[in-house]
Amino acid sequence: MAIVKPFICLRPETSVVSKVAALPYDVYNRAEAKAEVEREPFSFLKIDRAETGLPDEVDTYAPCVYERARRLLDEMTANGIFVQEKIPCYYVYELTMDGRAQTGIVACSSIDDYAGNVIKKHENTRAEKEEDRVHHVDVCDAQTGPIFLAYRARADINAIVEEAKAGASLYDFTAVDGVRHMVWRIDETAQVRALEEAFARVPNTYIADGHHRAASAVRVGFKRREEHPDYKGDEPYNYFLSVLFPDEELMIMDYNRVVRDLNGLSEEEFLERVRAEFEVQSMGSEPVRPGRKGEFGMYLSDRWYLLAAKRSPCGDPVVDLDVSVLQDTLLGPVLGIGDPRTDTRIDFIGGIRGLSELSRRCHTDMKVAFSMYPTSIGELFQVADAGRLMPPKSTWFEPKLRSGIFIHKLS
């Protein structure tokens, strides 16, 4: 059963939270991150991506980058920009985008639950991305970006959340991208105990987004245990910062594909190969957004097509994913995309950017685009429960959790 604990939070002072809160560090390249910090000097991105305050020739992963991050965090705390709670608390965190709200609980999850697969994963991680966050967490002595976890909804947890939301909010602001963020604190002893006991009845939680942040936090936790062989298990480094959402509230967006060329085929030859695996319907110039599982949109030479897979589901949770169907029947055997993780001929576009981005790319550096039906949270659970991994770029979650609102100090 899941261990989900309250924690002593380091958080922004109320008057500056809207300035501090930042999108995750990995949604920006270096130039974009630097521009964002120049736009908003209070942005937590200057800590998450501390190279933004150093000359461009300084390596992103140089030791001085992590030392700068620690110094900035300490300075902002000393200056009163961040304040520390007196007692362990939970927080209710609601994000509203385009009129749709999702509400999660900010807490700390156990590194032992991660190691023991109580917290289930569906993605592999890349060593270099892990190393970056390991150094950042270890040097800063803090976890600064929450891991996005999901669980199967429970009425008892929902009731506690609704009770908390009936009170006064701790934070309420709308970010520059239009997403509204509201936070309520749960610090009353009976509520805290009830929430901890309710999560103890949850058999599993699932990483929805943040596999690298989770793996890095866990590695630092076990490193600290090695450094302190007399540890008791209740030290902060035994837990990692997370926001847990019930499955019924989550929205996964499409994660679309664009390919640079037709692998030496003419358009006529390519379409013939497509028709061997899909029912193909020409749709003209109107963008095609698939309406159900097994359907795909395709954009080629200023024309949209609706594709319907001929292959029937086989009952395998990974093979039956739409991203697998497209890869196994078309991207791999026809377009020659053997490993989408490393092949430079393919790129991936999150659904938040809209279908117009697919046609734009086909008018610039790509030849053909595919719009996807979103992977469901149920499919994510099925893959993780089977101990399997999803293909790369299978899920795109919106809205994104902000960094800097909640910080978990490790000592």
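Please read all numbers here as calculations on a predicted model, not as lab measurements. Count residues from 1 along the sequence.
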Original post:
For Asp138, which residues count as a side-chain contact (heavy atoms from CB on, under 4.5 Å) partner, sequence neighbours excluded?
Top reply: Val220, Lys223, Arg224

Subject >> side-chain contact (heavy atoms from CB on, under 4.5 Å) against Asp316, all qualifying residues, sequence neighbours excluded >> reply: Cys314, Val318, Val319, Arg388

**OP:** Sequence neighbours left out, what passes ring pair (Phe, Tyr, Trp, His ring centres under 6.0 Å) with Phe270? Give chain and number order.
**Re:** none

**OP:** Name all residues meeting the ring pair (Phe, Tyr, Trp, His ring centres under 6.0 Å) criterion together with Phe42; count only those two or more places apart in sequence or in a different chain, and write none if there are none.
**Re:** none

Subject >> side chain to side chain donor-acceptor pair (under 3.5 Å) assessment of Ser109 paired with Ser242 >> reply: CA-CA 6 Å; Ser109 297; Ser242 53; 2.9 Å; yes

If a pair satisfies ring pair (Phe, Tyr, Trp, His ring centres under 6.0 Å) and one of its residues is in [range], list it, with sequence neighbours excluded.
{"range": "residues 388-411", "value": "Phe7-His408, Tyr91-Phe406, Tyr93-Phe406, Phe148-Phe397, Tyr255-Trp396"}
{"range": "residues 319-349", "value": "none"}
{"range": "residues 271-296", "value": "Phe278-Phe296"}

**OP:** Scan residues 10-22 for pairs that pass side chain to side chain donor-acceptor pair (under 3.5 Å), counting only residues two or more places apart or in two chains.
**Re:** Arg11-Glu85, Arg11-Tyr171, Glu13-Ser15

Original post:
More than 12 heavy atoms of other residues, nucleotides or ligands under 6.0 Å from CZ of Arg292: is that the case?
Top reply: no

**OP:** Please check if atom CZ in Arg180 has more than 12 non-hydrogen atoms from other residues, nucleotides or ligands closer than 6.0 Å.
**Re:** no

**OP:** State, without any angle test, whether Ser43 and Glu36 hold a side-chain donor-acceptor pair at a distance under 3.5 Å.
**Re:** no

Any side-chain heavy-atom pair of [X] and [Y] under 4.5 Å:
{"X": "Glu272", "Y": "Leu265", "result": "no"}
{"X": "Met76", "Y": "Pro12", "result": "no"}
{"X": "Leu321", "Y": "Pro391", "result": "yes"}
{"X": "Glu51", "Y": "Val58", "result": "no"}

Output side-chain donor-acceptor pairs under 3.5 Å for residues 282-291, partner residues at least two apart or in another chain, one line each.
unit_1	atom_1	unit_2	atom_2	d
Ser282	OG	Arg303	NH1	2.9

**OP:** Quick one: do Asp48 and Arg133 satisfy salt bridge (charged side-chain N to carboxylate O under 4.0 Å, His left out)? Show the steps, please.
**Re:** CA-CA 9 Å; Asp48 261 351; Arg133 289 300 101 176; 3.7 Å; yes

Original post:
Counting distance only, does the side-chain N/O of Ser324 pair as donor-acceptor with the main-chain N or O of Asp320 below 3.5 Å?
Top reply: no

Subject >> Side chain Arg49, main chain Tyr25, donor-acceptor under 3.5 Å >> reply: yes

**OP:** Starting from the C-alpha separation in whole Å, work towards a yes-or-no answer on side chain to side chain donor-acceptor pair (under 3.5 Å) for His363 and Asp302.
**Re:** CA-CA 9 Å; His363 289 142; Asp302 295 326; 2.5 Å; yes

**OP:** Please work out whether the ring planes of Phe240 and Tyr114 are parallel, tilted or perpendicular, with thresholds of 30° and 60°.
**Re:** perpendicular

**OP:** State whether Glu131 and Arg219 are salt-bridged, where the test is any N-O pair (Lys NZ or Arg NE/NH1/NH2 against Asp/Glu carboxylate O) under 4.0 Å.
**Re:** yes

Original post:
Could you walk me through whether Asp112 and Val118 pass the side-chain contact (heavy atoms from CB on, under 4.5 Å) check?
Top reply: CA-CA 8 Å; Asp112 291 311; Val118 172; over 6 Å; no

Subject >> Set of residues satisfying salt bridge (Lys or Arg N to Asp or Glu O under 4.0 Å) with respect to Asp177, sequence neighbours excluded >> reply: Arg402

**OP:** Test Arg353 against Asp347 for salt bridge (charged side-chain N to carboxylate O under 4.0 Å, His left out), laying out the working first.
**Re:** CA-CA 13 Å; Arg353 305 195 67 168; Asp347 199 3; over 6 Å; no

Original post:
Given Tyr151, which of Tyr206, Phe381, Phe199 fulfils the ring-ring contact (aromatic ring centres under 6.0 Å, His included) condition?
Top reply: Phe199

**OP:** Could you go through the side chain to side chain donor-acceptor pair (under 3.5 Å) check for Asn238 and Glu235 one step at a time?
**Re:** CA-CA 6 Å; Asn238 292 289; Glu235 298 86 354; 2.9 Å; yes

**OP:** Might you work through the salt bridge (charged side-chain N to carboxylate O under 4.0 Å, His left out) test for Arg360 and Glu357, ending with a clear yes or no?
**Re:** CA-CA 5 Å; Arg360 188 193 73 80; Glu357 180 66 7; 2.9 Å; yes

**OP:** Kindly state each residue pair satisfying salt bridge (Lys or Arg N to Asp or Glu O under 4.0 Å) with at least one member in residues 92-101, sequence neighbours excluded.
**Re:** Glu94-Lys165

**OP:** Could you go through the side chain to side chain donor-acceptor pair (under 3.5 Å) check for Glu248 and Asn158 one step at a time?
**Re:** CA-CA 11 Å; Glu248 61 191 13; Asn158 289 347; 3.2 Å; yes

Quick one: side chains of residues 326-337, donor-acceptor pairs under 3.5 Å with protein atoms, not counting sequence neighbours, listed by atom name and distance.
unit_1	atom_1	unit_2	atom_2	d
Gln327	NE2	Ile337	O	2.7
Thr329	OG1	Val325	O	2.6

